[in-house]
2 protein chains.
Amino acid sequence: MHLAAFDEDIDPTEKFREFLQTKGMRLTPEREAVVTAVYATHDHFDAEQWVANLSQRGRKDGASRSTIYRTLSLLVEAGLLRRVARANDREVYEHDYGYPQHDHLICSKCGDMIEFANDVISETLEKVANAHGFRMSGHRLEVEGVCAKCLRPPQRSHRRLDMI
Amino acid sequence: MHLAAFDEDIDPTEKFREFLQTKGMRLTPEREAVVTAVYATHDHFDAEQWVANLSQRGRKDGASRSTIYRTLSLLVEAGLLRRVARANDREVYEHDYGYPQHDHLICSKCGDMIEFANDVISETLEKVANAHGFRMSGHRLEVEGVCAKCLRPPQRSHRRLDMI
DNA sequence: CTACGTGCAAAGCTTTTGCATGGAA
DNA sequence: TTCCATGCAAAAGCTTTGCACGTAG
């Protein structure tokens with residue numbers, strides 16, 4: 001699946017530097033540490049996860065809590081990250097650059113977030129927005145329910161239902 | 001537009017009382033004050049709005065902050081309310097009983113929430129969920145962007161752009 | 001030398017909770 | 001008398017901010 005387009009082949013750090021430049025800001029070692037860290041894998045994450053990780057490291061390899069929060073906001077502004085849901089009262093982030101648009105099924109039992117891509121939804125939203133003269137810049141769709149894994153009755157203890 | 005179905009013709013307070021009974025709880029004057037208040041109009045609202053309003057009133061006509069928060073959660077459980085978005089760091093609620101399913105366009109300029117109903121979206125979500133063996137219980141869809149009103153250049157002060 | 005950045009600690013906010021008091025059944 | 005409820009004040013928990021100090025250009 002190759003969805004890369006126009007500017008999506010330069011790496012996130014570079015894209016971030018460009019964004020910062022347009023705002024008269026610099027790509028500091030701390031900011032770079034944050035981009036590198038969050039782009040190392042395509043997992044969903046929240047701010048505290050990286051605070052725990054990055055605020056321990058040496059000076060030029062990590063960043064403080066304040067800097068992490070400030071940088072995450074900048075990354076969202078830059079179009080590199082997307083605030084995609086909320087779990088345990090924390091904002092959940094994910095990459096918004098270099099990956100195809102998608103939404104999530106969120107399991108209320110185990111918290112798992114299952115990604116799915118569906119063109120019908122985005123097309124429909126376009127139409128609805130147009131019909132209202134609304135200029136859509138993005139959306140956030142959280143589908144709540146129980147995932148297949150959690151629906152399967154526990155294998156260990158049979159007959160558990162009888163206990164209820 | 002008459003969408004009322006099976007049990008949707010008894011009033012919210014009564015439905016709440018039934019729900020509470022199944023949990024061995026009572027419909028107190030405080031709880032009743034909350035249901036009545038939030039069901040008086042079909043507007044979107046957040047908890048603090050009603051804290052400001054109801055916590056001022058006399059004993060049996062209002063409710064304290066704690067009771068309001070606790071009651072709102074019960075109303076969500078009961079299927080009477082739905083947490084539909086988040087604005088200014090507050091949970092936004094709306095009726096989930098007696099009104100057809102819908103989602104929202106949220107203007108990032110003025111904060112306005114425009115309701116829209118679209119069957120294609122719910123149908124698509126059903127399909128996606130089924131395909132993943134996911135039992136969907138609901139969803140939350142927030143479409144971000146700028147509404148028609150805010151897109152129109154301000155009429156009052158012409159040439160405002162020159163001032164920037 | 002001037003502006004931008006960082007880190008720390010404190011503040012800000014919404015929402016939740018512990019606890020003592022009060023009331024319904 | 002036994003639970004369920006309320007209200008108050010405090011706690012919790014994430015995120016933001018004021019401020020003093022550094023440092024790049």
Side-chain angles (χ1 to χ4, degrees), chain A residues 16-17 19-35 37-38 44-78 81 83-93 111, chain B residues 13 16-35 37-38 44-78 81 83-93 111:
Chain A
F16 191 32
R17 189 202 305 280
F19 167 81
L20 290 169
Q21 241 157 30
T22 70
K23 306 199 47 161
M25 302 171 105
R26 298 192 287 263
L27 179 64
T28 63
E30 289 85 354
R31 284 177 182 155
E32 189 164 353
V34 176
V35 208
V38 306
H44 301 111
F45 64 90
D46 62 48
E48 288 305 318
Q49 246 168 71
W50 289 113
V51 171
N53 186 313
L54 293 178
S55 66
Q56 310 275 41
R57 299 197 193 164
R59 2 235 116 274
K60 295 307 171 183
D61 198 24
S64 70
R65 163 179 269 99
S66 328
T67 298
I68 292 172
Y69 273 94
R70 286 191 274 238
T71 304
L72 290 178
S73 289
L74 287 170
L75 288 168
V76 170
E77 254 193 87
L81 290 183
R83 294 194 174 97
V84 85
R86 179 161 263 264
N88 304 114
D89 285 327
R90 295 176 181 181
E91 217 48 55
V92 176
Y93 295 79
Chain B
T13 306
F16 192 31
R17 188 203 304 279
E18 286 175 10
F19 167 81
L20 290 170
Q21 241 156 29
T22 72
K23 306 200 46 162
M25 301 171 104
R26 297 192 289 264
L27 179 64
T28 63
E30 289 84 354
R31 286 179 181 153
E32 189 164 355
V34 176
V35 208
V38 306
H44 300 112
F45 64 89
D46 62 48
E48 286 305 318
Q49 247 167 68
W50 288 113
V51 171
N53 186 313
L54 293 178
S55 66
Q56 310 274 43
R57 299 197 193 164
R59 3 239 116 271
K60 296 305 171 180
D61 199 25
S64 70
R65 164 179 268 98
S66 329
T67 298
I68 292 172
Y69 274 95
R70 287 191 273 236
T71 304
L72 290 179
S73 288
L74 287 170
L75 287 168
V76 169
E77 255 192 85
L81 291 182
R83 294 198 174 94
V84 86
R86 181 162 261 263
N88 304 117
D89 285 328
R90 295 175 182 180
E91 250 354 273
V92 176
Y93 294 79

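No hydrogens, no waters, no symmetry mates; every other heavy atom, side chains included, goes into these values. Chain naming here is simple, since letters A, B, ... match the order of the sequence lines and numbering starts at 1 in each. The model shown is predicted, which means the values in this text are computed figures rather than measured ones.
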task = Check every atom of C:dG7, D:dA5, D:dC8 against the side chain of B:R31 and return the nucleotide holding the closest atom.
result = D:dA5

remark   = Picking from D:dT15, C:dT6, C:dT14, the nucleotide nearest the side-chain atoms of A:T28 would be C:dT6

To the nearest Å, give me how far apart [atom1] ([X]) and [atom2] ([N]) are.
| X | N | atom1 | atom2 | value |
| --- | --- | --- | --- | --- |
| B:L74 | D:dC4 | CG | P | 14 Å |
| B:F19 | D:dC4 | CZ | P | 15 Å |
| B:M25 | D:dC3 | CE | C1' | 11 Å |
| A:R90 | C:dT15 | CZ | P | 18 Å |
| B:L27 | D:dA5 | CG | P | 10 Å |
| A:R86 | C:dT14 | CZ | P | 13 Å |
| A:E91 | D:dT15 | CD | P | 7 Å |
| B:N88 | C:dC13 | CG | C1' | 11 Å |

key: Main-chain N/O of A:L20 paired to A:R26 side chain as donor or acceptor, under 3.5 Å   = no

query = Within the distance-only criterion (no hydrogens, no angle test), does the side chain of A:T67 pair as donor or acceptor with the backbone N or O of A:A63 below 3.5 angstrom?
reply =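 Judged by distance alone, no pair lies under 3.5 Å.
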
key: Annotated protein contacts, base or backbone, on nucleotides 16-25 of chain C with a non-hydrogen cut-off under 4.0 Å, one of B, S, - each   = BBB-------

inquiry  = When you measure from the side-chain N and O atoms of B:T67 to the phosphate of D:dG7, is any distance below 4.0 Å, counting only OP1 and OP2?
reply    =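 It does, given that an N or O in the side chain of B:T67 lies less than 4.0 Å from OP1 or OP2 of D:dG7.
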
message = What I want to find out is whether A:E32 reaches A:R17 closely enough, with some N-O distance under 4.0 Å, to be called a salt bridge.
response = no

task = May I ask you to say what B:E48 touches in the nucleic acid, namely base, sugar-phosphate or nothing, with a heavy-atom cut-off under 4.0 Å?
result =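 Counting heavy atoms under 4.0 Å across all strands, the contact made by B:E48 includes a base.
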
Any residue meeting side-chain contact (heavy atoms from CB on, under 4.5 Å) with B:R90, in chain and number order, not counting sequence neighbours = B:D46, B:E48

task = Would you check if there is a donor-acceptor pair between the side chains of A:S73 and A:R83 at a distance under 3.5 Å?
result =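 Result is yes, a qualifying pair exists.
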
query = Can you say whether the rings of A:F45 and A:W50 are parallel (under 30°), tilted (30 to 60°) or perpendicular (over 60°)?
reply =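 Answer is perpendicular, since the angle exceeds 60°.
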
message = Checking A:F16 now: which residues fulfil ring-ring contact (aromatic ring centres under 6.0 Å, His included) with it, not counting sequence neighbours?
response =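 Testing A:F16 for ring-ring contact (aromatic ring centres under 6.0 Å, His included), a comparison that skips the adjacent residues, returns none.
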
